[in-house]
Enquirer: 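What follows is a structure written as structure tokens; I'll ask about it next.
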Amino acid sequence: WIRGRPDPPIVLDWRSQLTILSASGDMGFSTGPSIYRSKADPKAPAAHGEFFSVWQRQQSGEWKVFIDHGISHGARSTPDALPSTPLIALDLVALTAGAPAYDAERDFIERSGKMGAAAAYIGSVSSQTVLLREDMLPINGNAGVAEFVNSQDGKWVWNPKMQGTSRAGDLAYVVGSYDGQARNGEAVHGQYVRVWVRYASKDAQARWTIAGDVMTPQPPAKQ
């Protein structure tokens with residue numbers, strides 16, 4: 001699909017603000033801001049967004065993107081430059097015991113059905129968690145996620161389609177679809193990617209938390 005198309009007439013700049021590498025060195029996750037600028041009209045306003053990438057290491061040792069996703073949003077307060085927030089880099093340590101990643105996703109789905117998505121999210125995030133939603137700046141950390149999910153109404157049903165875990169059992173991804181209800185009562189449908197991370201901190205035992213997720217609504221059907 002890409003090979004048969006010319007390069008778009010843009011300049012793309014991006015910067016990772018969160019990077020996670022599995023202890024087994026076979027899977028990684030990165031996300032951060034991006035800026036698109038027109039080559040044809042350099043004075044045109046830049047387009048802004050966030051990228052969301054899951055990486056896999058090949059047998060040759062080469063890293064390649066396995067999942068490429070992202071969102072668009074309005075300009076930040078400094079629209080002509082990428083934010084200078086320091087990079088958060090997590091090099092995970094192999095953990096030999098604990099629940100596999102599919103149990104974390106399954107538990108999240110069960111809690112979302114019983115208690116609502118807000119409670120499921122609040123119980124599954126950390127200070128490094130990043131949620132991406134179209135036309136919104138990134139939602140970061142425990143407080144930011146709690147404020148956002150508590151403002152959402154309705155229930156969400158998650159339908160995982162594909163998932164995978166690093167050999168070390170410390171980093172995982174889930175790709176699927178969702179059905180829900182918007183605040184105005186309208187039914188919504190779309191696709192999601194969720195990345196889970198399991199690491200031990202100084203003040204807590206190892207547990208699965210959401211490193212990041214991105215939800216993409218399905219466009220309304222054409223009449």
Side-chain angles (χ1 to χ4, degrees), residues 1-22 24-76 79-83 85 87-90 101 105 129-139 158-167 171-179 188-197 210-222:
W1 184 88
I2 293 175
R3 190 178 294 115
R5 288 164 170 76
D7 286 339
I10 62 169
V11 176
L12 171 62
D13 193 10
W14 72 91
R15 177 180 300 154
S16 181
Q17 288 192 328
L18 172 64
T19 300
I20 301 175
L21 177 65
S22 168
S24 48
D26 60 329
M27 186 179 295
F29 168 62
S30 62
T31 183
S34 59
I35 298 179
Y36 298 78
R37 296 182 178 89
S38 171
K39 288 182 178 178
D41 184 5
K43 294 183 179 180
H48 299 258
E50 306 289 320
F51 71 90
F52 187 102
S53 300
V54 177
W55 297 81
Q56 284 190 339
R57 196 171 190 176
Q58 311 301 300
Q59 290 186 346
S60 63
E62 211 177 0
W63 282 98
K64 292 193 174 182
V65 176
F66 180 66
I67 298 172
D68 180 31
H69 207 334
I71 61 166
S72 299
H73 56 66
R76 290 180 167 84
D80 295 329
L82 291 173
T85 307
L87 169 68
I88 298 174
L90 299 177
E105 180 71 13
T129 299
V130 179
L131 304 187
L132 299 184
R133 303 292 185 265
E134 188 66 21
D135 295 326
M136 296 182 64
L137 292 173
I139 303 152
W158 311 95
N159 307 292
K161 305 293 185 183
M162 179 178 69
Q163 55 191 9
T165 309
S166 65
R167 290 196 306 269
L171 190 61
Y173 65 85
V174 181
V175 180
S177 62
Y178 67 85
D179 301 284
V188 293
H189 313 278
Q191 310 296 319
Y192 77 94
V193 182
R194 188 151 36 238
V195 175
W196 292 90
V197 62
I210 296 172
D213 81 5
V214 54
M215 295 172 61
T216 304
Q218 179 177 317
K222 294 183 178 179

Enquirer: Using the test side-chain hydrogen bond (donor to acceptor under 3.5 Å, both in side chains), find all partners of Thr31 that sit at least two apart in sequence or belong to another chain.
Expert: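 None.
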Enquirer: Distance from Tyr178 atom OH to His189 atom NE2, nearest 0.5 Å?
Expert: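 So the gap between those two atoms works out to 9.5 Å.
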Enquirer: Could you state the interatomic distance from CZ (Phe52) to CG (Leu18), rounded to the nearest 0.5 Å?
Expert: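 Going from the CZ atom of Phe52 to the CG atom of Leu18 covers 9.5 Å.
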Enquirer: So, using salt bridge (charged side-chain N to carboxylate O under 4.0 Å, His left out) as the criterion, who are the partners of Arg57 when residues are at least two apart?
Expert: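 With sequence neighbours excluded, Arg57 shows a salt bridge (charged side-chain N to carboxylate O under 4.0 Å, His left out) to no residue whatsoever.
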Enquirer: My understanding is that only residues two or more places apart in sequence, or in another chain, count here; which of them pass ring-ring contact (aromatic ring centres under 6.0 Å, His included) with Trp158?
Expert: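 Scan of Trp158 (ring-ring contact (aromatic ring centres under 6.0 Å, His included), adjacent residues dropped) gives Phe108, Tyr192.
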Enquirer: Does Asn159 have any side chain to side chain contact (heavy atoms under 4.5 Å, CB included) partners at least two apart in sequence or in another chain, and if so, which?
Expert: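 Counting only residues at least two positions away or on another chain, Asn159 forms a side chain to side chain contact (heavy atoms under 4.5 Å, CB included) with Val157, Lys161, Ser177, Asp179.
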Enquirer: Quick one: side chain to side chain contact (heavy atoms under 4.5 Å, CB included) partners of Tyr36, sequence neighbours excluded?
Expert: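 So Tyr36 forms a side chain to side chain contact (heavy atoms under 4.5 Å, CB included) with Ile10, Leu12, Ser34, Ala47.
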Enquirer: Rounded to the nearest 0.5 Å, what's the gap from OG on Ser72 to CG on Asp135? Could you check?
Expert: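 Here the interatomic distance stands at 7.5 Å.
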Enquirer: Using the test side chain to side chain contact (heavy atoms under 4.5 Å, CB included), find all partners of Asp41 that sit at least two apart in sequence or belong to another chain.
Expert: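 Scan of Asp41 (side chain to side chain contact (heavy atoms under 4.5 Å, CB included), adjacent residues dropped) gives Ser38, Lys43, Ala44.
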Enquirer: Ser30: what forms a side-chain hydrogen bond (donor to acceptor under 3.5 Å, both in side chains) with it, not counting sequence neighbours?
Expert: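 Partners of Ser30 under the side-chain hydrogen bond (donor to acceptor under 3.5 Å, both in side chains) test: Trp55.
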Enquirer: Tell me the closest heavy-atom pair linking Thr129 and Ile210, and the distance in Å.
Expert: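 For Thr129 versus Ile210, the nearest heavy atoms are OG1-O, 2.6 Å.
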Enquirer: Starting at CD of Gln163, measure out to CD of Glu105 and round the result to the nearest 0.5 Å.
Expert: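 That separation rounds to 7.0 Å.
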Enquirer: The criterion is side chain to side chain contact (heavy atoms under 4.5 Å, CB included); which residues satisfy it with Leu137, sequence neighbours excluded?
Expert: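 If we apply the side chain to side chain contact (heavy atoms under 4.5 Å, CB included) test to Leu137, skipping adjacent residues, the hits are His73, Arg76.
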Enquirer: What pairs of residues pass the side-chain hydrogen bond (donor to acceptor under 3.5 Å, both in side chains) test when at least one of them lies in residues 58-70, not counting sequence neighbours?
Expert: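 Matches after skipping sequence neighbours: His69-Thr216.
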Enquirer: If you measure from CD on Glu50 to CD on Glu134, what distance do you get to the nearest 0.5 Å?
Expert: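 Here the interatomic distance stands at 11.0 Å.
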Enquirer: So do Pro33 and Gln17 actually touch side chain to side chain, heavy atoms under 4.5 Å?
Expert: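 Touching, per the 4.5 Å side-chain cut-off.
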Enquirer: Can you give me every donor-acceptor pair (side chain of residues 1-8, partner residue at least two apart or in another chain, under 3.5 Å) with its distance?
Expert:
from, atom 1, to, atom 2, distance (Å)
Arg5, NH1, Trp1, O, 2.7

Enquirer: Indicate the atoms forming the closest heavy-atom contact of Ile35 with Ala46, along with that distance.
Expert: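 Shortest heavy-atom separation between Ile35 and Ala46 comes out as CG2-CB, 3.7 Å.
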Enquirer: Can you tell which of Leu131, Ile139, Val195 makes a side-chain contact (heavy atoms from CB on, under 4.5 Å) with Asp213?
Expert: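 Looking at Leu131, Ile139, Val195, the match for Asp213 under the side-chain contact (heavy atoms from CB on, under 4.5 Å) is Leu131.
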Enquirer: Taking the side chain as C-beta and beyond, is there a heavy-atom pair between Val188 and Pro217 under 4.5 Å?
Expert: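 Heavy-atom side-chain distance check fails, nothing below 4.5 Å.
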Enquirer: Considering all heavy atoms of both residues, which atom of Ser166 and which atom of Asp26 are nearest to each other, and what is their separation?
Expert: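 Here Ser166 and Asp26 meet closest at CB-OD1, 3.5 Å.
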Enquirer: Please list, chain by chain and in numerical order, all residues satisfying side-chain hydrogen bond (donor to acceptor under 3.5 Å, both in side chains) with Trp14, sequence neighbours excluded.
Expert: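 Residues passing side-chain hydrogen bond (donor to acceptor under 3.5 Å, both in side chains) with Trp14: none at all.
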